[in-house]
Amino acid sequence: MNTEKRRLGIMGGTFDPIHIGHLVTAEAVRNEFQLEKVIFIPAGNPPHKQESHVTEAWHRYVMTVMATYSNPFFTVSPMELERSGPSYTIDTARDLIKEYGNQTELYFIVGADTVGELHTWHDIHDLLKLCQFVAATRPGSLCSIDEVFHYFGASDRRHIHRLATPELEISSTDIREKVRLGRAIKYIVPESVEMYIRKEGLYCN
Ligand code: ATP
Ligand code: MG
């Protein structure tokens, strides 16, 4: 019997829109940690939508599917979009373990800016018992991963890994701003995502 644990990568995000930075990072972590696949999980719309201006979940989900479709090791889950109420990563981790079995190792892939906020996450110590985190370096991030390591104790730290990934200075915020200003976004999002943004008139105002 094969007793090896399955290793799955999880890339959560708002993906408003998904861009090359997300894809390159996910693929780099998949290779380095020998992950069976990476599941992209778009975050649901926050309850106070008006204040946050997040694009409708359906658009973000479709763009994520299109961007990842050509990679046989990438897949997209609507699980956080289907959940009502606030969405916590610990619920996502528990649901994934239920779906894929106890013998599954989950690797949550996060940018350095996100890892800097990790200590504020709901039930973070329990979450770190359930899964691993891979912090990919990201240019312009103010957070020093050393500070993050300092905050967490030795047993938590064993579940946080770092990986230097190709440094792509791309953010969804910047892409939305470029579209609003009528600037080019070629090569920073997949062509299909650019076409979708243009066709649906996203980020124009
Ligand atoms: P926004 O500007 O709207 O916050 P974003 O570009 O940061 O968008 P998110 O959907 O918020 O994208 O990010 C999802 C995850 O991807 C986070 O863990 C974030 O740190 C990481 N990430 C985002 N952009 C990059 C990048 N260029 N390189 C590596 N990781 C990234
Ligand atoms: Mg972000």
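Worth saying up front: this structure is predicted, and the values here are computed from it rather than measured. Counting starts at 1 for both ligands and their atoms, following the listed order.
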- Is a donor on one side and an acceptor on the other found under 3.5 Å between the side chain of His159 and the backbone of Cys131? yes
- Item | Between Arg158 and Ser155: side-chain donor-acceptor atoms closer than 3.5 Å | no
- Message: Distance check, rounded to the nearest 0.5 Å: Ile18 atom CD1 versus Tyr61 atom OH?
- Response: 12.0 Å
- Task: Quick one: sort the Phe152 and His125 rings into parallel, tilted or perpendicular, breaks at 30° and 60°.
- Result: perpendicular
- Message: Testing Val24, Asn31, Leu23 one by one against Glu27 for a side chain to side chain contact (heavy atoms under 4.5 Å, CB included), which residue passes?
- Response: Asn31
- With atoms numbered from 1 as shown, which atoms in ligand 1 lie under 4.0 angstrom from a non-hydrogen atom of Gly21? 26 (C), 27 (N), 28 (N)
- Task: Run the numbers for me: atoms of ligand 1, each under 4.0 Å from some heavy atom of His19, listed by number.
- Result: 6 (O), 24 (N), 25 (C), 27 (N)
- Give yes or no for whether the N/O distance cutoff of 3.5 Å, strictly under, is met between Val110 and ligand 1. no
- About how many Å separate CE of Met63 and CE of Met66, when rounded to the nearest 0.5 Å? 7.5 Å
- Task: Have a look at Gly111, Ser172, Ser171 and point out the one with the heavy atom closest to atom 18 (O) of ligand 1.
- Result: Gly111
- Message: Looking at non-hydrogen atoms alone, which of Arg60, Met11, His22 comes nearest to atom 23 (C) of ligand 1?
- Response: His22
- Is Asp113 in contact with ligand 1, taking contact as a heavy-atom separation below 4.0 Å? yes
- Item | Interatomic distance, Ile185 atom CD1 to Ile197 atom CD1 [nearest 0.5 angstrom] | 4.0 Å
- Message: Can you name the atoms of ligand 1, numbered from 1 with element, that are less than 4.0 Å from a heavy atom of Gly12?
- Response: 14 (C), 15 (C)
- Item | Selected option - heavy-atom contact closest to atom 30 (N) of ligand 1, from Thr14, Ile20, Thr64, Thr25 | Thr25
- Note on the structure: For Gly13, the atoms of ligand 1 under 4.0 Å from one of its heavy atoms are 10 (O), 14 (C)
- Message: I'd like to know if Ala43 contacts ligand 1, where contact means a heavy-atom distance under 4.0 Å to any ligand atom.
- Response: no
- Would you say Phe15 and ligand 1 have an N/O pair spaced under 3.5 Å apart? yes
- Message: Which residues pass the ring-ring contact (aromatic ring centres under 6.0 Å, His included) test with Tyr88, not counting sequence neighbours?
- Response: His122
- Task: Take the angle between the ring planes of Phe15 and Phe40 and call it parallel below 30°, perpendicular above 60°, tilted in between.
- Result: tilted
- Item | Location of contacts on Thr173 toward ligand 1, heavy atoms closer than 4.0 Å | both
- Counting each atom of ligand 1 from 1 as listed, which ones have a heavy atom of Arg176 under 4.0 Å away? 3 (O)
